[in-house]
Amino acid sequence: MVLEPTTVSASRFKAQCLAILDRVERTRTPVVVTKYGRPVAQVVPVDVGPEHRDTRGSVELLVREDEAYYGTGEDWEADPPAR
């Protein structure tokens with residue numbers, strides 16, 4: 001049985017990452033992480049058998065620009081002034 005994924009904001013995921021990972025493992029329910037309401041990642045349970053399946057290449061980026069992952073869209077005091 002596949003459960004519908006739950007949705008969590010990136011800021012909540014950052015603050016509660018380990019608890020969310022534990023919940024995904026325990027409940028086998030995927031979690032979709034969003035930024036500004038747009039899905040950017042999905043955390044899914046890994047089906048590990050006795051061979052400990054290799055997960056390299058199993059992550060798919062949904063956004064290509066680094067700014068979408070790391071930027072907040074706001075100026076920081078540490079940023080150089082715009083010219």
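Since the model is a prediction, treat every value here as computed from it, not as a measurement. Along the sequence shown, the residues carry numbers beginning at 1.
In this structure, the side chains of P5 and Q42 come closer than 4.5 Å at one or more pairs of heavy atoms. Residues T7 and V31 fail the side-chain proximity criterion, which asks for heavy atoms closer than 4.5 Å. Looking at heavy atoms from C-beta onward, V43 lies in side-chain contact with F13 at the 4.5 angstrom threshold.
Contact between R23 and T6 at its shortest, heavy atoms only, is NH2-OG1, 3.6 Å.
Clustering ILVMFWY residues whenever any of their side-chain heavy atoms sit less than 4.5 angstrom apart, transitively, puts L21 in a cluster other than the one holding V44. There is a path of hydrophobic side-chain contacts, each under 4.5 Å, that joins V33 to I20.
Atoms OG and NZ, from S11 and K35 in turn, are 9.5 Å apart once rounded to the nearest 0.5 Å.
Residue-environment remark: CD (Q16) exceeds the threshold of 12 foreign heavy atoms within 6.0 Å.
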